[in-house]
Amino acid sequence: MPPTVALTVTRYRPERESEPTWQTYEIPYRKDWVVLDALNHVKDNLDGSLSFRWSCRGPIRVEPLDYFPVVRDLVVDLTDFMRKLKQVKPWIIRKEEKAPAEGEYLQTPDQLDTYKQFSMCINCMLCYSACPIYGLEPSFIGPAAIALAQRYNMDSRDEGKAERLKILSEHDGIWQCTFVGECTKVCPKHVDPAGAIQQYKLTSATDWVKSLLLPWGTR
Ligand code: SF4
C-alpha cells in the first residue's frame, strides 16, 4: 500500500451548518506535493464539494534581468556593473596605513551596526533591473554601487569618504536618481539602496553649502 496522510480541513457550508467544522481525508503521501496538490486531490478524487481559492499555479515565465545584455538564456553580462563597482572604491581607504606591528583596526559592535545593512548586498542586480533610471540612462552608476560606497563611508576604519563623494557627485552619480524607490522594494537582502542614495545626496548638498560658506576649505 502506498503511504497516506490525514489531511484535516475546515468545512463551512452556511446553508446547512451554523459553525465551521473539521473534515479529515486520507490522501496519498507524496514528497513532491505542496498543500495545494493535496487539496486538488481531495477536490478531484474524494469530495467535489470542497471549496478553496488559489492564485498561484498560473503560467510562470522566467526571463533574464532587464537592462543587461544577455549572454545566454538567463545569463546576463555584468561587465558594466563590475566597472561601476570599481569606480566607487569599495574598499577601506586609509590616509596612512598602519604597520602590521601596530595591530588591527578595531571596531565596536555599534560601529559595525551603522553600516552592516549596506554590506549585505549579494550583487544579485535586481535593483538595477528594477530601476527605471538605469533603464533609460545606463551611465547611471546605479543603486548597489552607491549602497556599497555608503557601506565604506560609514565604516569607522575608512577615510575615503571625500574621494567617493567626488565620484558620486558627478553627472552619472547620485543626482540622476529621482527616488523611485523600486531598488529598495525588490532587494532580497534589505540593503535599502534608495536610503543610501538619499543619505549621499544629503552629504553632498551639505558639502556644497559648506563650500559656499567656508570657501577656504570644508574638510
Ligand atoms: S537588489 Fe540588493 S542585494 Fe541585489 S544587488 Fe541590489 S542592493 Fe545588492
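The chain is numbered in sequence order, starting from 1. FYI, side chains are in, hydrogens and waters are out, and symmetry mates aren't considered; it's all heavy atoms of this structure. Everything numeric in this text was worked out from a predicted model, so none of it was measured.
In summary, of the residues considered (K95, R164, R94), a salt bridge (Lys or Arg N to Asp or Glu O under 4.0 Å) with E159 occurs for R94 alone.
Contacts of K43 classified as salt bridge (Lys or Arg N to Asp or Glu O under 4.0 Å), with partners at least two apart in sequence or in another chain: none. Partners of F52 according to the ring-ring contact (aromatic ring centres under 6.0 Å, His included) rule, which considers only residues two or more places apart in sequence or in another chain, are W54.
Linking Ile, Leu, Val, Met, Phe, Trp and Tyr whenever their side-chain heavy atoms come within less than 4.5 Å puts Y134 and M82 in one cluster. Clustering ILVMFWY residues whenever any of their side-chain heavy atoms sit less than 4.5 angstrom apart, transitively, puts I133 in the very cluster that holds V186. Under the 4.5 Å side-chain heavy-atom criterion for Ile, Leu, Val, Met, Phe, Trp and Tyr, V42 and V5 are members of the same hydrophobic cluster. If you chain together hydrophobic residues whose side chains sit under 4.5 Å apart, V34 and I27 fall into the same group. Connection of L50 to L46 is established within a shared hydrophobic cluster, with ILVMFWY side chains joined at heavy-atom distances below 4.5 Å, either directly or through further cluster members.
Annotation: cation-pi pair K98/Y105 present, NZ/CZ under 6.0 Å from the ring centroid and within 45° of its normal.
Using a cut-off of 4.0 Å between Lys/Arg side-chain N and Asp/Glu carboxylate O, E163 and K89 are scored as salt-bridged. A salt bridge is defined here as a Lys NZ or Arg NE, NH1 or NH2 lying under 4.0 Å from an Asp or Glu carboxylate O, and D113 with K116 fails to meet this definition.
Taking Ile, Leu, Val, Met, Phe, Trp and Tyr as members and joining any whose side-chain heavy atoms lie under 4.5 Å apart, directly or through other members, the hydrophobic cluster of V191 also contains L112, Y115, F118, M120, M154. Think of L106 as one node in a network of Ile, Leu, Val, Met, Phe, Trp and Tyr side chains linked at under 4.5 Å; it has no links at all. Here V75 is tied into one hydrophobic group with V71, each link being a pair of ILVMFWY side chains closer than 4.5 Å.
Screening residues 71-93 for ring-ring contact (aromatic ring centres under 6.0 Å, His included), with sequence neighbours left out, gives F81-Y128.
With values rounded to the nearest 0.5 angstrom, I141 atom CD1 is found 9.0 Å from L85 atom CG.
With hydrogens and angles left out, the side-chain atoms of D77 and T79 include a donor and acceptor closer than 3.5 Å. Side chains of Q176 and E137: a donor-acceptor N/O pair is absent below 3.5 angstrom, by distance only.
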Between R13 and T21, is a side chain to side chain contact (heavy atoms under 4.5 Å, CB included) present by the stated rule, with each step listed?
CA-CA 9 Å; R13 287 146 291 190; T21 55; 4.2 Å; yes
